[in-house]
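Structure record follows, encoded as structure tokens.
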Protein chains: 2
Amino acid sequence: MRTQKTYRQGQILKLVTNERVTSQDELRRRLRQLNLRVTQATLSRDLRELKLVKTAEGYKPLSAVPEETTSLPPLARAVREFLLDLRPAQNLLVLKTPPGGAQPLAAAIDGERWKEVAGTIAGDDTVLVIAPHRRARAEIQRRLEDLIR
Amino acid sequence: MRTQKTYRQGQILKLVTNERVTSQDELRRRLRQLNLRVTQATLSRDLRELKLVKTAEGYKPLSAVPEETTSLPPLARAVREFLLDLRPAQNLLVLKTPPGGAQPLAAAIDGERWKEVAGTIAGDDTVLVIAPHRRARAEIQRRLEDLIR
DNA sequence: TTCCTTTTCGCATAAATATGCAACTCACTG
DNA sequence: CAGTGAGTTGCATATTTATGCGAAAAGGAA
């Protein structure tokens with residue numbers, strides 16, 4: 001039966017997109033209800049072939065996700081690429097980057113034209129972000145930290 | 001040190017997008033070279049927070065991959081949604097679907113206007129695809145099977 | 001058919017990942 | 001300050017996933 005595998009993988013796709021399946025063993029049990037009996041080992045192989053990945057919310061397709069980097073807004077990209085450390089100091093925020101990363105990161109922040117940012121000063125591996133007051137600094141910090149994830 | 005975690009996750013992002021990291025333990029060793037010492041357990045938590053998933057090619061971001069379904073060409077979507085089984089018979093191809101799935105699947109195939117397809121007939125849960133000859137049938141079969149993955 | 005090659009799959013187990021729990025650190029509060 | 005609560009981490013271990021290998025099945029060729 002050549003179509004056995006194809007059929008099974010079709011079912012897997014269907015199951016996985018419709019409900020939350022969080023382990024291969026759970027998937028195995030669901031398939032058994034459809035009268036498909038296979039081992040976890042086979043499912044491990046199937047999932048790889050189908051490019052389904054395990055997430056906190058169950059298995060999901062990963063068809064097209066090569067370079068998310070190229071599709072991100074500039075600041076998000078810069079933060080992901082350069083921001084190594086971030087520390088608050090009153091109304092200031094000190095950002096650390098790898099050598100040479102400060103200028104591009106500062107430029108990206110400037111580019112956002114956030115009203116909370118009074119200005120930035122970039123050295124080689126450090127950016128100083130100046131906010132009018134602590135409250136503003138906290139907000140900037142929050143936004144940057146959100147971008148990291 | 002509140003920024004410890006943030007810093008580490010920044011490094012993880014950087015590492016993972018630049019090189020191929022295939023296990024948490026490997027990631028742990030790479031981080032150690034940067035003088036970041038944490039256990040695999042912590043990395044497991046970090047990866048989840050960063051929404052990085054394990055793929056055959058290493059860890060990858062899963063930020064934007066909610067509904068691939070909506071962005072797929074119609075046939076690919078229909079195949080994924082409805083095609084349960086596929087069996088060749090000379091110059092014919094018999095496709096099985098869940099009840100009611102045959103019409104939409106057949107419509108999607110028709111929509112492709114493949115020259116190898118002489119025509120289709122759709123019942124309730126079965127589609128018959130008619131090809132001019134075996135060779136053409138094989139080609140259609142191949143394309144459909146490719147779409148499954 | 002019969003023989004050969006390729007693919008699929010289970011078994012057993014290795015490898016990798018997730019998590020309950022307790023320790024520790026901060027930031028605050030009374 | 002002591003006390004409280006939230007957040008972070010390591011440890012130990014449970015749970016989950018991957019894989020080497022051999023058996024069986026499928027697909028072709030002659």
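Note that the coordinates shown come from a computational prediction; the quantities given were computed from them, not determined experimentally. In the text below, chain A, chain B and the rest are named by the order of the sequence lines, each starting its count at 1.
The phosphate of D/dG10 (OP1 or OP2) has a side-chain N or O of B/Thr42 nearer than 4.0 angstrom. Distances shorter than 4.0 Å separate none of the side-chain N or O atoms of A/Tyr59 from OP1 or OP2 on D/dT16.
Checking C/dG10, C/dT17, C/dA18 against every side-chain atom of B/Ser44, the shortest atom distance belongs to C/dA18. Of all nucleotides listed (C/dA18, D/dT19, D/dC11), C/dA18 comes nearest to the side chain of B/Gln40.
Applying the side-chain contact (heavy atoms from CB on, under 4.5 Å) test between B/Leu31 and each of B/Val21, B/Ile12, B/Asp46, B/Thr42 identifies B/Ile12 as the sole match.
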Distances under 3.5 Å between nitrogen or oxygen atoms of protein and nucleotides 28-30 of chain D:
none

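Remark: A/Ser23, A/Gln24 in residues 23-31 of chain A come within less than 4.0 Å of DNA chain D through at least one heavy atom.
Counting atom types as modelled, B/Arg37 pairs no side-chain N or O with a base atom of D/dG10 as donor and acceptor under 3.5 Å.
A rotation axis mapping the C1' atoms of four pairs onto the next four is fitted at both ends of the helix from C/dT1-D/dA30 to C/dG30-D/dC1 over five pairs, and the angle between these axes is 30° to 10 degrees.
Between A/Arg143 and A/Glu116 there is a salt bridge, since at least one side-chain N of the basic residue sits less than 4.0 Å from a carboxylate O of the acidic one.
At a threshold of 4.0 angstrom between heavy atoms, the contacts of A/Arg48 are confined to the sugar-phosphate backbone, with no base atom among them.
In this model, no donor atom of one side chain and acceptor atom of the other lie less than 3.5 Å apart for A/Gln33 and A/Arg29.
Where A/Thr22 and B/Thr39 each meet DNA chain D at their nearest nucleotide, the meeting point lying more 5' is that of B/Thr39.
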